[in-house]
A.B. asks: 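Structure provided below as structure tokens; questions to follow.
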Amino acid sequence: MTSWLILMLLVALALGVARVSGLRGSWFTLTASALLLGAAGYALQGRPGLAGSPRAGIDPPLPVSLVTARNTLIGQFNQSSHWLIIADSFAARGNSRDAVGILQSAIRAHPRDYALWLGLGNALADHARTLTPAARLAFARSAALAPNSPAPGYFLGLAMLRSGDPDGALAQWNGILAKAPPNASWRPMVEDGIALIQSARRDG
């Protein structure tokens, strides 16, 4: 049985526990996410021989972590959070292949969830260590499902930066800022990304 299938069974178990406990609404989502995070960590620690290995090499410095950026742009606890938390657990241990597999399974069940497509784009880029056509397609699908969200464009820019294309990242992020409300809570995060690229160019 593959490791991601084991985690899917843990998903069902954790959600069942929360339901039986009588939790509903936001409390159910919060509790389920916490249960799943613990379950994923337990399963990974108990299976050190799982396929995958830590990625080699060094990524360029990022303005913010992928998880922090995603939580800032789409929220931390939503209907997609349990899948994303499990994928994050795999990715944090360098097992990017299973992170991709988890999100592909989630998308088969929820094909119109833009946050899952966004997560898949990040996972595919992380696994390949570059912005692949498949990752571009996932980001494009996310943008089509949520045309007013800055998240797909921001993460596309982040993937471009990680792939050695700072010009592409600048174009994406400047485009987002041009359409963003002046008081948007996430504006500083995008501005920090632009400042990082500009500073690197001055230092270089």
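Since the model is a prediction, treat every value here as computed from it, not as a measurement. The first residue in the sequence is number 1, and the count goes up from there.
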A.B. asks: Enumerate the residue pairs fulfilling salt bridge (Lys or Arg N to Asp or Glu O under 4.0 Å) with a member in residues 164-184, sequence neighbours excluded, ordered by first and then second residue.
C.D. replies: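 Sorted result for residues 164-184: D167-R201.
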A.B. asks: Hey, what do you get for CD1 (I197) to CG (L161), rounding to the nearest 0.5 Å?
C.D. replies: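 Here the rounded value is 5.0 Å.
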A.B. asks: For residues 112-119, please give each side-chain donor-acceptor pair under 3.5 Å, one per line with the distance, not counting sequence neighbours.
C.D. replies:
from : atom 1 : to   : atom 2 : distance (Å)
D113 : OD1    : S80  : OG     : 2.9
D113 : OD1    : A115 : N      : 3.0
D113 : OD1    : L116 : N      : 3.3
D113 : OD2    : Q79  : NE2    : 3.4
D113 : OD2    : S80  : OG     : 2.5
W117 : NE1    : P111 : O      : 2.8

A.B. asks: Residues in side-chain contact (heavy atoms from CB on, under 4.5 Å) with A180, at least two apart?
C.D. replies: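 Scan of A180 (side-chain contact (heavy atoms from CB on, under 4.5 Å), adjacent residues dropped) gives W186, R187.
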A.B. asks: Can you pull out every salt bridge (Lys or Arg N to Asp or Glu O under 4.0 Å) where at least one residue sits in residues 130-142? Sequence neighbours excluded, please.
C.D. replies: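 For residues 130-142: none.
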A.B. asks: Quick one: does any side-chain atom of S89 pair with a main-chain N or O of I85 as donor and acceptor, under 3.5 Å?
C.D. replies: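 Looks like yes, one N/O pair under 3.5 Å.
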A.B. asks: Among all residues two or more places apart in sequence or in another chain, which pass the side-chain contact (heavy atoms from CB on, under 4.5 Å) test with D88?
C.D. replies: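 Only V67, R70 meet the side-chain contact (heavy atoms from CB on, under 4.5 Å) criterion with D88.
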A.B. asks: Who are the side-chain hydrogen bond (donor to acceptor under 3.5 Å, both in side chains) partners of S149, not counting sequence neighbours?
C.D. replies: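 Per chain and number, S149 pairs via side-chain hydrogen bond (donor to acceptor under 3.5 Å, both in side chains) with no residue.
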A.B. asks: For the pair T72 (side chain) and T68 (backbone), establish whether a donor and an acceptor sit closer than 3.5 Å, ignoring hydrogens and angles.
C.D. replies: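 Yes: the side chain of T72 pairs with the backbone of T68.
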A.B. asks: Is any side-chain heavy atom of W83 closer than 4.5 Å to one of I107?
C.D. replies: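 No, every pair of side-chain atoms sits at 4.5 Å or beyond.
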A.B. asks: Can you tell if the side chain of V190 reaches within under 4.5 Å of the side chain of N174, non-hydrogen atoms only?
C.D. replies: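 The answer is no, as the side chains (C-beta and beyond) never meet within the 4.5 Å cut-off.
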A.B. asks: State whether the side chain of S163 and the backbone N or O of A159 hold a donor-acceptor pair below 3.5 Å, judged by distance alone.
C.D. replies: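 The answer is yes, because a donor-acceptor pair under 3.5 Å joins these two groups.
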A.B. asks: Please report the shortest heavy-atom distance between A87 and A99, naming the atom on each side.
C.D. replies: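 In this case the closest contact between A87 and A99 is O-CB, 3.5 Å.
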A.B. asks: How many angstroms lie between CZ in R162 and CZ in F155, if you round to the nearest 0.5 Å?
C.D. replies: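 If we round to the nearest 0.5 Å, R162:CZ and F155:CZ are 10.5 Å apart.
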A.B. asks: Under the 3.5 angstrom rule, does the side chain of W173 hit a backbone N or O of G193 as a donor-acceptor pair?
C.D. replies: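 Judged by distance alone, no pair lies under 3.5 Å.
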A.B. asks: Any chance you could measure L158, atom CG, to M189, atom CE, to the nearest 0.5 Å?
C.D. replies: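 Between atom CG of L158 and atom CE of M189 there are 9.0 Å.
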A.B. asks: Taking the side chain as C-beta and beyond, is there a heavy-atom pair between I102 and R97 under 4.5 Å?
C.D. replies: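 Not in contact.
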A.B. asks: Would you indicate whether the side-chain heavy atoms of L73 and P150 approach each other to under 4.5 Å?
C.D. replies: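 Answer yes - side chains close enough.
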A.B. asks: If you look at every heavy atom in G121 and A135, which pair is closest and at what distance?
C.D. replies: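 Closest approach of G121 to A135: O-CB, 3.7 Å.
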A.B. asks: Any heavy-atom pair between the side chains of L131 and F139 that's under 4.5 Å?
C.D. replies: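 Side-chain contact under 4.5 Å: yes.
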A.B. asks: Which residues satisfy the side-chain contact (heavy atoms from CB on, under 4.5 Å) test with A92, sequence neighbours excluded?
C.D. replies: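 side-chain contact (heavy atoms from CB on, under 4.5 Å) check on A92 returns nothing, list empty.
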A.B. asks: Taking all non-hydrogen atoms of both residues, which atom of D126 and which atom of S96 are closest, and how far apart?
C.D. replies: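 What the structure gives for the nearest pair is OD2-CB, 4.0 Å.
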A.B. asks: So L103 and L84, do their side chains get closer than 4.5 Å, heavy atoms only?
C.D. replies: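 Touching, per the 4.5 Å side-chain cut-off.
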